[in-house]
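What's counted below: heavy atoms across the whole structure, side chains too, no hydrogens, waters or symmetry copies.
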Amino acid sequence: MQEFLLVVVLLLCSVSGYPSGPPAADYPNVVCKELSPSLQTHGPSHSGHGGYLLQLQPPLTKAFHYEPGVEYNVELVGTTHFFKGFIIQARDPATPPPAAPRLIGQFTAVSDGAKTLSCDQGGVSAEATVAHSNALPRSLVQLTWTAPLSNGTVDFFYTVMREKAVHFDQLSAAQLGPPPVSVAPSNTLPPIKTPDKYRLQFQNPSGCGIGDCNVYVAIDTNRGNDSWLDIYMEGKAEGWVGVGFTHSAGMFEADAVACNRLGDKMVVLDLFNPGGPSHTSLTDEIQDVYLFEGKYMDGRLSCKVIKRILPSDEFDINLNQDLYVLFGKRSKNASTLDILNAHDFAHLPEISDKKINITYGNGTATGENKDFENALVKTHASLMLITWPLLVVTAIFFPVFMKPALPSGGWFQIHRALMLTSVVVGAVGFASVFIGHIHKATPGLIPLGQGKVLNTAHFSVGILVMALHLVNPIIGLLRCNPDNPRRWIFDLLHGKVVGLISLLLALVNIATGAYLLDPSIRVFWVVMAWEVVFLVTVLAFLTTFSFLAARSPSTERALRAPSTIQALFKTGSLLGGLSCLKRGKLEEITPLISSGVTGDNKLRWASFYFLTLVSVALVVAAVVLTAVTTRT
């Protein structure tokens, strides 16, 4: 008896103790039947599948029926860690480990580092088992499995060895692994924060802590891939703990996730509850949820899972929207692996008082203050509309077109007052969106990353625009006298580089912001209509005043021309104008007309009133539409 135990202990170390693979030919009862390493040598198996997922193409049916004679591509993927050893076995689903297997089909092609084992336990197939042939770390194993010519069903059971003391035993593609069409992201990482640091916290009773609550649920965006959610669930229960998301304040068309206990194992289920008298939860055929860790200890059940945010079929809800959150448990132990028994009527699910956007919002069981966030986002939009299309555009109009009409420096006083006002209003608008999103990981950062390109662009350009808008008044304060030979540097930098670039970027960013703000894009079309009118108006002004300047006496041409091209009018050529500007001679060659009387002053003031009227009309219309917009 002692000799037999010694042999078993040695053989059960096979996955990590034999770098060339387990010795299945010598000890078939251990390797081929139990698919488990030694408890004494390696310790107990970890719960869940640890991110080691088995995928098949083409996909099998929901009941894992195969097509006779068809070749299937089988991949074992480590989505979070490398692994050194493995065993994969195609079995009749009615003979799960550690039962004597009835093997199905055969593996006809294997990748490097893998080999088939002769496990002829059922008298059907001698090559339906594959194991590692070396101990090199890997994250992917690719195989080809050929189905038998007769009809039937198959399940792929597998064991994965990450390290000597970290192994996941007797996993099942049908029960624990993902379906073929649901692939976990390669860069998904397990949660590293403790659950009490997750952004969303739900508990019953209110105010309880981890390990203390009847039910506790924590939710946050996955740190490795913002297309997934990290979800932690625990509760005083022997059956399951779960969380659901729904448009209505009840169990109607709810997309749910539950950690279900079955004996010593923990499984996670992706469910859909259509509602109705039975309140029966249906197992979603496409399982978009994966278990990283699960345990049952001292009457408490807990697990960490990830769930895909965007839907894969009609039984999933897009989680990137405002939804009610439900959470609950079942006290009794589960009786089946893939069907969730109804909750106890003594422990009805809790439900949030308000809808919450779980992908980026912050809230509790009573809901977050979305009204406050929306109000500040709308404040941001309104103040930015006032800052740029109204204040900045008007301020720039004066030095470009109004110098002849205000020759004593009045144009400068108006320009300075409007620009300083725009800096103050713009800074308040800029800060308001950060305050509105203060509970986010990066306040004000409307989730960036995959599928959020426009959000990323709007946020990034907004930072740049605000920086330029704050820098330009400082440049103005540091300007030198008009007769300074280096004055051309200020003129070029302040007006033609920083000023023009910030204005153009701001107008583009206002358009993108309007598109993001308003799902019906009414604000966007108002902004775009104004920007078209603005560009046409500016071109018309430039053309008109350039034409009038060209017809003026030679001593007045440069003064009457738009300031952006004054030097060109004085010298008669672009290169000459640039040279003159560089030498700081512009003020010298364009003396002010002390009387300020020119023949086109009325036209200049009329142009100013027209542009102001158009800008005010835009701001009023856009701000009103922003105020009545329902954000999603």
Checklist outcome for this item: Here the gap from Y216 atom OH to Y232 atom OH, rounded to the nearest 0.5 Å, amounts to 8.0 Å

Checklist entry - Considering only heavy atoms from C-beta outward, does the side chain of V614 approach that of T537 to under 4.5 Å? => result no

Checklist entry - When you measure from the side chain of T387 to the backbone N and O of G426, does any donor-acceptor pair fall under 3.5 Å? => result yes

Item to check | Q203 to C213 - nearest heavy-atom pair and separation | outcome: CB-SG, 3.7 Å

Item to check | Atom pair CH2 (W388) and CD (E531), whose distance is rounded to the nearest 0.5 Å | outcome: 12.5 Å

Checklist entry - Any donor and acceptor pair, going by atom type alone, linking the side chain of S432 with main-chain N or O of G429 inside 3.5 Å? => result yes

Next on the checklist: Working to the nearest 0.5 angstrom, can you tell me the gap between M402 CE and N601 CG?
Outcome noted: 7.5 Å

Next on the checklist: Is a donor from one side chain sitting under 3.5 angstrom from an acceptor on the other, for S502 and H469?
Outcome noted: no

Next on the checklist: Taking ring pair (Phe, Tyr, Trp, His ring centres under 6.0 Å) as the criterion, tell me which of F541, F398, W411 meets it with F608.
Outcome noted: F398

Checklist entry - Is there a side-chain contact between N357 and N320 (heavy atoms, below 4.5 Å)? => result yes

Checklist entry - Roughly how far apart are T221 OG1 and L229 CG, rounded to 0.5 Å? => result 6.0 Å

Checklist entry - Would you find a donor on one side and an acceptor on the other, under 3.5 Å apart, between the side chain of R416 and the backbone of Q413? => result no

Checklist outcome for this item: Between L323 and N318 the two heavy atoms that sit nearest each other are CD1-O, 3.8 Å

Checklist entry - Taking the side chain from S615 and the backbone from P389, do they hold a donor-acceptor pair closer than 3.5 Å? => result yes

Next on the checklist: If I take atom CG from residue L618 and atom CG from residue L613, how far apart are they, to the nearest 0.5 angstrom?
Outcome noted: 11.5 Å

Next on the checklist: Applying disulfide bond (SG atoms under 2.5 Å apart), can you list everything that pairs with C480, at least two apart in sequence or on another chain?
Outcome noted: none

Item to check | Closest approach of A621 to V526 (non-hydrogen atoms, all atoms of both residues) | outcome: CB-CG1, 4.2 Å

Checklist entry - Could you go step by step and tell me if L391 and V425 meet the side chain to side chain contact (heavy atoms under 4.5 Å, CB included) rule? => result CA-CA 9 Å; L391 294 175; V425 175; 4.2 Å; yes

Checklist entry - Rounded to the nearest 0.5 Å, what separation is found between the NE2 atom of H458 and the CG atom of N509? => result 5.0 Å

Item to check | D220 side chain to R199 backbone, donor-acceptor under 3.5 Å | outcome: yes

Next on the checklist: Quick check: do I474 and L470 have side-chain heavy atoms less than 4.5 Å from each other?
Outcome noted: no

Item to check | side chain to side chain contact (heavy atoms under 4.5 Å, CB included) between V393 and L503, intermediate numbers included | outcome: CA-CA 8 Å; V393 167; L503 175 62; 4.1 Å; yes

Item to check | Heavy-atom check, side chain of T394 versus side chain of L611, under 4.5 Å | outcome: no

Next on the checklist: Are the side chains of I219 and F202 in contact, using a 4.5 Å heavy-atom criterion?
Outcome noted: yes

Checklist entry - Side chains of W530 and I510: closer than 4.5 Å at any heavy-atom pair? => result no

Next on the checklist: Salt bridge check, K307 against D255: does any charged N sit closer than 4.0 Å to a carboxylate O?
Outcome noted: yes

Checklist entry - Do V628 and R522 have side-chain heavy atoms sitting under 4.5 Å apart? => result yes

Item to check | Taking every non-hydrogen atom, the tightest pair across V523 and A514 | outcome: CG1-CB, 3.7 Å

Item to check | Minimum-distance pair of heavy atoms, taken over all atoms of N472 and L493 | outcome: OD1-O, 4.5 Å

Item to check | Minimal non-hydrogen separation, F430 against G462, with atom names | outcome: CE1-O, 4.0 Å

Checklist entry - Between F524 and L516, does a side chain to side chain contact (heavy atoms under 4.5 Å, CB included) hold up when you go through it step by step? => result CA-CA 9 Å; F524 173 76; L516 290 170; over 6 Å; no

Item to check | Parallel, tilted or perpendicular: ring planes of H494 versus F490, cut at 30 and 60 degrees | outcome: parallel

Next on the checklist: Does F401 form a side chain to side chain contact (heavy atoms under 4.5 Å, CB included) with L603? I'd like the steps, not just the answer.
Outcome noted: CA-CA 10 Å; F401 295 110; L603 179 61; over 6 Å; no

Next on the checklist: Quick check: do V241 and V217 have side-chain heavy atoms less than 4.5 Å from each other?
Outcome noted: no

